[in-house]
Amino acid sequence: MLTEQPILITSIQCKEAGGVLKNRFIRFDGTNGLEGAKSLGVVNADTNVNEYVPVTVKGIALIEAGGPISMGSAIESFDDGMAAPLTSGTLEGYALDSASSAGQLIRILLS
């Protein structure tokens, strides 16, 4: 079983029209994480637009993989806030587990 170890959790108002999903990156403006954009952290609960989202900003969080990821890989946000191996975006953290396909949850050490 994968476990989270949040050190710091904050909240931000959700501005994403359809709401945001748990275990995805969220940006500083309250919308889904995007490729190439630094995220505030990882969403801790499914949240509707205009509600306040709990966000892990420091520590170890569970994140949904957007595709295959190797343990130890540097991670960036991918479209819709999923995790992807860092290519040319902004470092979000490091994978503590591997994922063989999209949709799997892994632990990430947030940077």
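Residues: numbered from 1 along the sequence shown.
Between Ala99 and Ile106, the shortest heavy-atom distance links the atoms CB-CG2, 3.8 Å.
Between the side chain of Asn44 and the main chain of Thr56, a donor-acceptor pair closer than 3.5 Å is present.
Of the inter-residue distances, the one linking Ile12 atom CD1 with Ile26 atom CD1 reads 5.5 Å to the nearest 0.5 angstrom. Atom CG in Leu40 sits 7.0 Å away from atom OG1 in Thr10 (nearest 0.5 Å). How far CD of Glu92 is from OG of Ser39: 4.0 Å, rounded to the nearest 0.5 Å.
Using a 4.0 Å cut-off between a side-chain N of Lys or Arg and a carboxylate O of Asp or Glu, Lys22 and Glu64 do not qualify as a salt bridge.
Proximity of Leu2 to Asp97: side-chain heavy atoms (C-beta onward) are separated by under 4.5 Å at one or more points.
Remark: Asp46 engages no residue in a salt bridge (Lys or Arg N to Asp or Glu O under 4.0 Å) (not counting sequence neighbours). By the salt bridge (Lys or Arg N to Asp or Glu O under 4.0 Å) test, Glu16 is found to be paired with no residue, residues two or more places apart in sequence or in another chain being considered.
With a 6.0 Å radius and a threshold of 12 heavy atoms from other residues, nucleotides or ligands, Phe28 has its CZ atom above the threshold.
Taking hydrophobic clusters as Ile, Leu, Val, Met, Phe, Trp and Tyr residues chained together by side-chain heavy-atom distances below 4.5 Å, Phe78 does not share a cluster with Ile108.
Listed by first and then second residue, the side-chain hydrogen bond (donor to acceptor under 3.5 Å, both in side chains) pairs that reach into residues 76-85 are Glu76-Thr87, sequence neighbours excluded.
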